[in-house]
Trainee: 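The following block contains the structure, expressed as structure tokens.
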Amino acid sequence: MSVRADELARGRSPGGAPAGSLLRAYGFRRLLIGQSVSSLGDWVATLAFIAAAFALTNGDQAAIAVVLVLRLVPPIFAAPLGGVVADRLSRRTIMVASDLIRAALILAVPFVGIVGLYVLAFVHECVSLFFLPSRDASIPGLVPDRRLEDANGLMLAASYGSIPIAAAVFGGLRVAPAHLPLPSWFRAHPTALAFVFDSATFLFSAAMNAGLPLGRGARHSELQLFRDLLEGVRYIVRHPALRSLSYGLVVSMFGGGVLFAVGIGYVHQTLGGSDAAFGWLAALWGAGMALGLGAVRLLPGGGRPREFLAAVVACGLVLGLMAMAPVLWMAFVAAVVFGMAFAVAIVLALTMAQEQADNRVRGRVMGGVQMLFRAGLGLGALGIGWLAHAAGELSLPVDGNQVGLLAGAVLILLGAAAAGGVLRQRPS
């Protein structure tokens, strides 16, 4: 790619002057649009997976849990391998191929039983975790200098901001077969239209990603998974800032998992609230995340490590406050603050990982980030959920939900202390 073309793709005028809005960066704009549409389809399909599992098992709640667990297990191996591939092959090709494979997989869901649904959900998530490291490793080459926080914030907003819209779209697609002149097969499989919709969004994303101004990963060498994976692990272990960053990243995601695990029990059992109150709590968490994404833009670039640690500490303190002061209105305020701190921590973690990693290993580093995202959520949800249940069987001055929140708070603060080495990161 010529220097002029590279500057335009990154949203810069020839000569190095900023071209204005981040969205004027051609490559990033294509990626963001494709991801916005695809993420909408992903959330619609998530709801369809849950509804299909529920229907196929005649209302077995455990079937829903299995679907959700299958979205957490694949990162243990798929994300790191996806990172290796992202450093050896064309990242654009990986993203396009992943979109096309997922489009085909998701179309097959309405034709299988519950076991087939589990298999497709698992394989689909594995393919996604080949896509994500390539996407995240590509962003620094698509945006203007010093705009990574904004770019990651927009990508995070694209990934999660469509949840309310997805719920409405799923509801519409769910009832559409009864009101549209569609084949009778759709009426017999009421979630099928949602899966068709998701497949179409993957095809749109593939078309957008096919035009990204990207080349290969770091080098044109032979792909050797074990050797390359080991090289990536050694790189992170020997890099003090990345090693410390991983501690903070795990515990911040752990905090999100804690709220997933005990949130509804905390509202119902500890606060004496209703399902509506839990809905408000979740909505306020989302509003806090939106505020956090906006706040990131106001942060000075030089203070990222301090701000990252402050956000992680804030997550822990908020959970501790919710445990020790179980009052509904305070829980609502805490949900907003937690959402803000959570979003700031995630965006800054992504940005620092992208800046600290050399391009030759950036795919593997971002694969590790995706693994830590899911591992932290899973540990928080499963571990603290189990602890809260076990503590609820004991005679304690606080209930199991409060014990879970307090334990989560302590672990997050300990993790933040262990992540203090991120303050010694080398300048980007």
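On a predicted model such as this, the values are computed, not experimentally measured, just so you know.
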Trainee: Do Arg102 and Ser128 have side-chain N/O donor and acceptor atoms under 3.5 Å apart?
Mentor: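 Arg102 vs Ser128: donor-acceptor pair found between side chains.
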Trainee: First locate atom CG of Leu173, then atom CG of Leu47, and finally report the distance between them rounded to the nearest 0.5 Å.
Mentor: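 Output value for this atom pair is 10.5 Å.
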Trainee: Mind checking the CD1-CG spacing from Ile94 to Asp87? Nearest 0.5 Å is all I need.
Mentor: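 So the gap between those two atoms works out to 8.5 Å.
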Trainee: Keeping Asn209 on the side-chain end and Val96 on the backbone end, is there a donor-acceptor pair under 3.5 Å?
Mentor: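 Such a contact is absent between Asn209 side chain and Val96 backbone.
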Trainee: If I take atom CZ from residue Phe170 and atom CD1 from residue Ile50, how far apart are they, to the nearest 0.5 angstrom?
Mentor: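 The CZ atom of Phe170 sits 8.5 Å away from the CD1 atom of Ile50.
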Trainee: Verify side-chain contact (heavy atoms from CB on, under 4.5 Å) between Met95 and Phe130, making sure each step is shown before the conclusion.
Mentor: CA-CA 8 Å; Met95 288 190 284; Phe130 276 77; over 6 Å; no
Trainee: When you look at Leu31 and Met155, which way does the side-chain contact (heavy atoms from CB on, under 4.5 Å) test go after all the steps?
Mentor: CA-CA 9 Å; Leu31 180 63; Met155 200 61 68; 3.8 Å; yes
Trainee: Identify the heavy atoms of Gly320 and Ala409 that sit nearest to each other, and give their distance.
Mentor: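 Answer, listing the atom of Gly320 first, then Ala409: N-CB, 3.5 Å.
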Trainee: Which heavy atom in Ala311 sits nearest to a heavy atom in Val344, and how many Å separate them?
Mentor: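 In terms of heavy atoms, the two residues are closest at CB-CG1, 4.0 Å.
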Trainee: Determine whether Phe204 and Ile33 make a side-chain contact, defined as any pair of heavy atoms from C-beta on separated by less than 4.5 Å.
Mentor: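 They are in contact (side-chain heavy atoms under 4.5 Å apart), so the answer is yes.
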Trainee: Considering all heavy atoms of both residues, which atom of Phe195 and which atom of Ala45 are nearest to each other, and what is their separation?
Mentor: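 Phe195 and Ala45 have their closest heavy atoms at CE2-O, 4.0 Å.
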Trainee: Looking at Arg364 and Leu81, would you say the former's side chain and the latter's main chain have a donor-acceptor pair under 3.5 Å?
Mentor: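 No; zero donor-acceptor contacts below 3.5 Å.
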Trainee: Hey, do the aromatic rings of Phe278 and Tyr266 have their centres closer than 6.0 Å?
Mentor: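 Here the rings of Tyr266 and Phe278 have centres that are no less than 6.0 Å from each other.
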Trainee: For Met340, is there any backbone N or O sitting under 3.5 Å from a side-chain donor or acceptor partner on Trp285?
Mentor: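 Such a contact is absent between Trp285 side chain and Met340 backbone.
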Trainee: Below 6.0 angstrom between ring centroids: does that apply to Phe332 and Trp280?
Mentor: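 Ring-ring flag for Phe332/Trp280: false, centres at least 6.0 Å apart.
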Trainee: What are the two closest non-hydrogen atoms of Gly113 and Leu56, and how far apart are they?
Mentor: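 Minimum heavy-atom contact is C-CD1, 3.8 Å.
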Trainee: Could you check Val37 against Met208 for side-chain contact (heavy atoms from CB on, under 4.5 Å), going step by step and ending with a plain yes or no?
Mentor: CA-CA 10 Å; Val37 173; Met208 298 301 291; over 6 Å; no
Trainee: Going by distance alone, is a donor N or O of one side chain under 3.5 Å from an acceptor N or O of the other, for Thr46 and Asp42?
Mentor: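 No, because no side-chain N or O of Thr46 sits under 3.5 Å from a partner of the opposite role on Asp42.
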Trainee: Sub-3.5 Å donor-acceptor pair from the side chain of Asp399 to the main-chain atoms of Gln402, do we have one?
Mentor: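 The answer is yes, because a donor-acceptor pair under 3.5 Å joins these two groups.
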Trainee: Do the side chain of Thr201 and the main chain of Asp198 share a donor and acceptor less than 3.5 angstrom apart?
Mentor: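 Indeed, once roles are kept as given, a pair shorter than 3.5 Å links the two residues.
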Trainee: Grab the two heavy atoms, one from Met322 and one from Ala334, that are nearest each other, plus how far apart they are.
Mentor: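 Looking at all heavy atoms of both residues, the closest pair is CG-CB, 3.6 Å.
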Trainee: Would you find a donor on one side and an acceptor on the other, under 3.5 Å apart, between the side chain of Thr351 and the backbone of Val347?
Mentor: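 Yes, because the side chain of Thr351 sits within donor-acceptor range (under 3.5 Å) of the backbone of Val347.
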Trainee: Between Arg92 (side chain only) and Gly211 (backbone N and O only), is there a donor and an acceptor less than 3.5 Å apart?
Mentor: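 Here the side-chain-to-backbone pair does not exist.
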Trainee: With rounding to the nearest 0.5 angstrom, report the CG to CE distance, Leu148 to Met352.
Mentor: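 Rounded to the nearest 0.5 Å, the CG-CE separation comes out at 12.0 Å.
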Trainee: Can you tell me how far OG1 of Thr191 sits from CZ of Phe54, rounded to the nearest 0.5 angstrom?
Mentor: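 Interatomic distance, Phe54 CZ to Thr191 OG1, rounded to 0.5 Å: 13.5 Å.
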Trainee: For the side chain of Glu149 and the backbone of Leu348, is there at least one donor-acceptor N/O pair under 3.5 Å apart?
Mentor: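 No.
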Trainee: For the residue pair Leu203 and Asp99, establish whether any side-chain heavy-atom pair is separated by less than 4.5 Å.
Mentor: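 They are not in contact (no side-chain heavy atoms under 4.5 Å apart), so the answer is no.
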Trainee: Measure the spacing between CZ of Phe202 and CG of Leu107 and express it to the nearest 0.5 Å.
Mentor: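 Phe202 atom CZ to Leu107 atom CG measures 10.5 Å (nearest 0.5 Å).
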Trainee: Side chains of Gln354 and Asn152: does their closest heavy-atom pair fall under 4.5 Å?
Mentor: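 Yes, close enough: below the 4.5 Å cut-off.
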Trainee: Provide the closest heavy-atom pair for Ala25 versus Leu142 in the form atom of the first, atom of the second, distance.
Mentor: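 Taking every non-hydrogen atom into account, CB-O, 3.5 Å.
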Trainee: Are a donor atom and an acceptor atom from the side chains of Asn401 and Gln269 found within less than 3.5 Å of each other?
Mentor: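 Yes.
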Trainee: Indicate whether any N or O donor in one side chain lies under 3.5 Å from an N or O acceptor in the other, for Arg135 and Gln35.
Mentor: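 Result is yes, a qualifying pair exists.
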